[in-house]
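Only one structure is covered here, and it is reproduced in the block below.
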Amino acid sequence: MNKKFAAMAVAGAALCMAAIPVSAEEGNLVIGFAQVGHESDWRTASTKSCQDVFSAENGYDLQFVDCDNDPQVQIEAVRGFIEQDVDYIIIDPIQATGWDQVLTECEDAGIPVIVIDRTIDDSDKYVSWVGSNFKTEGLAAGEWLKAYAEAKGITEINALVIEGSTGASATLGRTEGFKEIADANGWTILDSQNGDFTQVGGQEVMESYCKSYEGQFNVVVCQNDNEAFGAMDAMKAAGVTYGVNGDVILISFDACTAGLEFVKSGDINADFECNPLAAPFVEEVIKQLEAGEEPAKEVYMEEHWFVNEDILASITVEGAEQPLTVVTDEIIEAQY
Ligand code: AHR
């Protein structure tokens, strides 16, 4: 174990400087970032956030690897960062499991790991995690649907779910949260298939749903905006109407700019935000480590729930009342 990580492990002790790789400008901290891929608008915003914060002007040398949604490529990217002896490693884990071995290697090399967005569920060998509570997002979608259906006099829910990538904590949490509310209210989830968080994936799954469940569904839940864009194309082609003036209630997650534009136009009824701007919080964690302080193990991002219609002011999620925000041009303008 090198001096830097050993000092960190002894809670709060002062840190020593790690070796600076040859490629780094003198004095810059070298950050290795193993990103999931480039599957969605959300991912683009996440990558940009990291590139903006960990720029050369800000005193960093960012080593960025796009892992193209391949868990093995991501593990090897982390091993590559160990080889380079970077100062810090940021991981947005494609899958929630399969991490303990490589995180042990990071620990042995004395390189602190910061996890962002998705969680690692089978190892705690990282310094901090910064991200979203995906189960809360799924619960919020369910609670909103319950209140909305009541307000509109809809008594029966037959839902189709387009899930995100298999094994991703974002998929697991949103699926679990929505299902909990569905089960508690006796709703039918007709099907739940993987759309891989992509527009193409959403479109393909929805095309097949439109054939298999023709005339049987009145709710579609897409686990991100890009899947919703694909699902809308598929429903349009199949002659299925959706959104505030349609036969099918369309729910999405992420609430990136393009998603909110579709909420404003009424094509998506409700969009549950997943905040991609983790990088400033990660920088704060790094600053704390550099100062010999012990950062929080978990940092939750602030998130909002967006709707088209002004008929419900709030919903209650896990016992806490949370506001619903009607999308305006100003909100879209300010979004990522
Ligand atoms: O992990 C966050 C999820 O991954 C976002 O909801 C999705 O758009 C992305 O691909």
Side-chain angles (χ1 to χ4, degrees), residues 33-50 65-71 73-74 90-99 114-121 129-141 161-178 192 194-205 220-232 250-263 268 270-279 281-282 298-306 335-336:
F33 177 25
Q35 173 63 294
V36 168
H38 50 272
E39 71 284 1
S40 62
D41 290 16
W42 189 98
R43 191 62 54 201
T44 305
S46 160
T47 295
K48 183 175 181 307
S49 169
C50 268
V65 178
D66 176 334
C67 302
D68 201 16
N69 215 23
D70 184 331
V73 168
Q74 192 168 42
I90 304 172
I91 302 171
D92 190 330
I94 295 168
Q95 297 204 326
T97 55
W99 286 101
I114 299 153
V115 179
I116 64 166
D117 172 34
R118 301 180 186 174
T119 54
I120 284 177
D121 296 348
W129 164 84
V130 180
S132 307
N133 189 325
F134 300 116
K135 184 174 175 194
T136 301
E137 293 173 1
L139 288 168
V161 177
I162 303 182
E163 296 184 13
S165 306
T166 304
S169 69
T171 302
L172 298 168
R174 288 171 192 163
T175 304
E176 188 188 347
F178 183 77
S192 194
N194 174 8
D196 235 355
F197 284 131
T198 64
Q199 180 158 347
V200 171
Q203 182 166 350
E204 283 173 2
V205 173
V220 170
V221 180
C222 296
Q223 288 187 351
N224 82 345
D225 284 342
N226 293 81
E227 288 180 345
F229 306 155
M232 286 191 276
L250 183 56
I251 296 173
S252 183
F253 294 86
D254 280 1
C256 290
T257 306
L260 290 188
E261 278 164 357
F262 280 114
V263 177
I268 294 175
D271 205 341
F272 296 84
E273 186 178 32
C274 179
N275 189 336
L277 309 181
F281 298 90
V282 175
E298 293 181 340
V299 179
Y300 286 91
M301 309 285 291
E302 196 187 334
E303 294 173 332
H304 303 93
W305 318 138
F306 295 102
Q335 201 71 335
Y336 28 79

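Both ligands and their constituent atoms are indexed starting at 1 by order of listing. Just the heavy atoms: all of them, side chains too, but no hydrogens, waters or symmetry mates, feed the values below.
- Regarding atom 10 (O) of ligand 1, its nearest protein heavy-atom neighbour is Glu39 OE2, 2.4 Å.
- Heavy-atom proximity to Ala170, at under 4.0 Å, picks out these atoms of ligand 1: 1 (O).
- Of the listed residues (Asp254, Asn224, Asp225), the one carrying the non-hydrogen atom nearest atom 6 (O) of ligand 1 is Asp254.
- Atoms of ligand 1 found under 4.0 Å from any heavy atom of Asp117 (numbered from 1 in listed order, with element): 1 (O), 2 (C).
- Remark: aromatic rings of Phe253 and Trp305 are distant, center separation not under 6.0 Å.
- For ligand 1, the atoms closer than 4.0 angstrom to any heavy atom of Phe197 are 7 (C), 10 (O).
- In terms of modelled atom types and a separation under 3.5 Å, the side chain of Glu273 and the main chain of His304 share a donor-acceptor contact.
- Contacts between Glu273 and ligand 1 below 4.0 angstrom, taking non-hydrogen atoms only, are absent altogether.
- Checked by atom type, the side-chain pair Glu163/Ser192 shows a donor-acceptor distance below 3.5 Å.
- Under the 3.5 Å distance criterion, the side-chain polar atoms of Gln335 are matched with a main-chain donor or acceptor of Ala255.
- A salt bridge links Asp117 with Arg43: the closest approach of a Lys/Arg side-chain nitrogen to an acidic carboxylate oxygen falls below 4.0 angstrom.
- Residue Arg174 has at least one heavy-atom neighbour below 4.0 Å for each of these atoms of ligand 1: 6 (O).
- Near Ser40, meaning under 4.0 Å from any of its heavy atoms, are these atoms of ligand 1: 7 (C), 8 (O), 9 (C), 10 (O).
- Among Ile120, Ile116, Asp121, the single residue meeting the side chain to side chain contact (heavy atoms under 4.5 Å, CB included) criterion with Pro93 is Ile120.
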